[in-house]
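Throughout, a chain's letter reflects where its sequence line sits, starting with A, and its residues are numbered from 1.
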Protein chains: 2
Amino acid sequence: MDPRRLLIFREVARSGSISGAARALGWTQPAVSQHLRALEREAGCTLLLRATTGVELTEPGRALLARADAVAGELHVAREELAELTSLRRGRVRLAAYPSAAATLVPRAMARLRATHPDVDVALTEAEPPEALALLESGDVDLALVFGYDDPGDDPAGGRALVWRPLVDEPVDLMLPPDHRLARRRSVAVADLADQPWIVGCVRCRAHTLRVCATAGFEPDVRHESDDYVVVQNLVAVGLGVALLPRTATEAFRHADVVVRPGRAFGTRTYGTVHREGALGVPATAALAAVLATG
Amino acid sequence: MDPRRLLIFREVARSGSISGAARALGWTQPAVSQHLRALEREAGCTLLLRATTGVELTEPGRALLARADAVAGELHVAREELAELTSLRRGRVRLAAYPSAAATLVPRAMARLRATHPDVDVALTEAEPPEALALLESGDVDLALVFGYDDPGDDPAGGRALVWRPLVDEPVDLMLPPDHRLARRRSVAVADLADQPWIVGCVRCRAHTLRVCATAGFEPDVRHESDDYVVVQNLVAVGLGVALLPRTATEAFRHADVVVRPGRAFGTRTYGTVHREGALGVPATAALAAVLATG
DNA sequence: GCCGAGCCATAACTACTGCTTATGATGCCC
DNA sequence: GGGCATCATAAGCAGTAGTTATGGCTCGGC
């Protein structure tokens, strides 16, 4: 049963005549007449009695009209809901972000989004980039905020069918204990750190540190490992080693006793958004991606 | 928003891929793909994310799917209801019938209909033919059981846009008091009744009596008038006059003291069904008309 | 590591659906 | 009784909605 015919039938019932329905639909009378004939053939019985004064529903016609009204109602609700979602009067988007971003730029972006679209809900999941990509691919989040280092072969999208949009390049800084001999220098060369104990972070941060050291001609003496930039800074602060941390980490938390030294040779880290192909077609996702990009 | 596209979208969601939906619908993959594109254009946002492994709904897609399910449900119910009505597992038909028929052949017909189709309800309204036709035209009944006499100009359908189907010709009989001088004769001529007091019924029955008498060359002395065949017979029984009654009336009720004399000259009455053009397209109405015709 | 089998989209073509125009019949109303 | 409303039907045409053909992409297996 063609549901469009049901709606045409409903219009006929509403206006009380085939000609009236045709006018309401912007069609000619025979067009509606033919649809009704087809509908009655499908229905297997007469739905309305024709007279020169108009038409009148039969019992099956009245039964069918109730269903047609219900269908029209559902279509109306569907249009309403879609309009709400596209105009961002409603919506929900799930975001995965790495810890230091989740502590800094993500809350700011969420606040900006809420200011313009208070009924768009953002669900945040803290996750390191590899996990974030997995969440993206499994459909558990709509958008991921990840980072990559300027090292060859470090592709944030992981070679998968995902769209990577880099947003900001941030410098990587050296963390030194306050009483360290190098802490007095304005700039520190990587080679100066060859004999130091090192503290490294997550897998990819560790790889970056190793690469930076390799470029300077040595393999670092890795003593401690932690994803957590608060932990890393506390280790550095008490003199247990040196470390490289991206700028966001020290923006999120800055240990009073840690000396931060910038340096080109420490490299840069780039953060940005990743999403599945086409995911920005969902207004709420696009809005969050946009507000993250302007942050 | 084209509701057919909604159902196509639902099939895609159900099968998890565009190709799968196309197979289920007996179409090719591009046909479904194009419908989805059109639906997304109507919706104003992306409804599903395409991947090489299939598709996955977005948030607006999930919202729309709920509506699509509701529409599909309504269509299913519509088909079910129509099937019940066409197969006479359910239904309702409103009948108007004149009193003597309502007392005799209509109950028998209703009983036969109930035997074969117990859930088809018949609503009976007792009404003399003119009133029955009015009920038919106002849409208050679906079928009318009316009668007409074999007099010129007596058209049961009343010249209106109604379909008249004659069913049975029944003789009209003479009612005589038991001790009447003519009661001993086997046959009575109309002319023999010229000096009798007469009892007549409804407007059209009265017209028939006047016509029968006029044919015999006299105008009857009408003393009493009553639609009710029980009243008429009681008046005759106590000798207050003679009367003409159709056979159905004496089948419905036969006063013990009334002498019934048949006679060709008394004329015949024809009963049958009347309905609006196309009304038999409704199965319940057709079934009642059919069972009345076989009665 | 590459080929095949899925998935998807797009472009171009075609045929049939679905509308229009034209016409006729009927009934109501002034 | 003529004009205007309703309806249906037939015939014709155009645009929708399918088709076929093609290409890109991933995943999985040999």
### Query
Base, sugar-phosphate, or nothing: which does B:Thr28 touch, judged by heavy atoms less than 4.0 Å apart?
base

### Message
Just N and O in the side chain of A:His35: are any of them under 4.0 Å from OP1 or OP2 of C:dC19?
### Response
yes

### Query
Tell me: CZ of B:Arg37 to C1' of C:dT10, nearest whole Å?
7 Å

### Message
On the side chain of B:Glu277, is there an atom forming a donor-acceptor pair with the base of C:dT26 - under 3.5 Å, no angle test?
### Response
no

### B:Pro30 side chain, from C-beta outward: closest of C:dT26, D:dA17, C:dA11
C:dA11

#### Entry: Ion pair check, B:Glu74 and A:Arg67, cut-off under 4.0 Å
yes

### Between D:dT16 (P) and A:Asp2 (CG): distance, integer Å
16 Å

### Message
What contact category does A:Arg23 fall into here, base, sugar-phosphate, or nothing, at under 4.0 angstrom with non-hydrogen atoms?
### Response
sugar-phosphate

### Message
Side chain of B:Gln34 only, heavy atoms from C-beta on: which candidate in C:dT20, C:dA11, D:dC7 is closest?
### Response
C:dA11

### Query
Is there a donor-acceptor contact under 3.5 Å from the side chain of B:Thr58 to the main chain of B:Thr46?
yes

### Message
Quick check on DNA chain C: between B:Thr53 and A:Ala31, whose nearest nucleotide comes earlier from the 5' end?
### Response
B:Thr53

### Query
Are any non-hydrogen side-chain atoms of A:Ser15 and A:Arg23 less than 4.5 angstrom apart?
no

### Task
For A:Ile18 and D:dT9, give me the distance from atom CD1 to atom P, rounded to whole Å.
10 Å

### Query
Between C:dG6 and B:Ser19, is there an OP1 or OP2 to side-chain N/O distance shorter than 4.0 Å?
no

### Query
Nearest-Å distance, CH2 (B:Trp27) to P (C:dC8)?
16 Å

#### Entry: D:dA8 base / A:Gln29 side chain donor-acceptor hit below 3.5 Å
yes

### Query
If you pin A:Arg4 and A:Arg50 to their nearest nucleotides in DNA chain D, which one's is more 5'?
A:Arg50

### Charged N-O contact under 4.0 Å between A:Glu56 and B:Arg276
yes

### B:Glu137 CD - C:dG27 C1' separation (whole Å)
11 Å

### Query
To the side chain of A:Ser17, which of D:dC7, C:dC28, C:dG6 is closest?
D:dC7

### Message
Rounding to an integer number of Å, can you tell me how far A:Leu49 CG sits from C:dG27 C1'?
### Response
16 Å

### Query
Hey, is the side chain of B:Ser33 poking within less than 4.0 Å of OP1 or OP2 on C:dA9, counting only N and O atoms?
yes

### Query
Rounding to a whole Å, what distance do you find between A:Glu56:CD and C:dG27:P?
17 Å

### Query
How close or far is atom P of C:dG18 from atom CG of A:Leu36, stated in whole angstroms?
14 Å

### Task
May I ask you to decide if the ring planes of A:His208 and A:Tyr149 are parallel, tilted or perpendicular, using 30° and 60° as cut-offs?
parallel

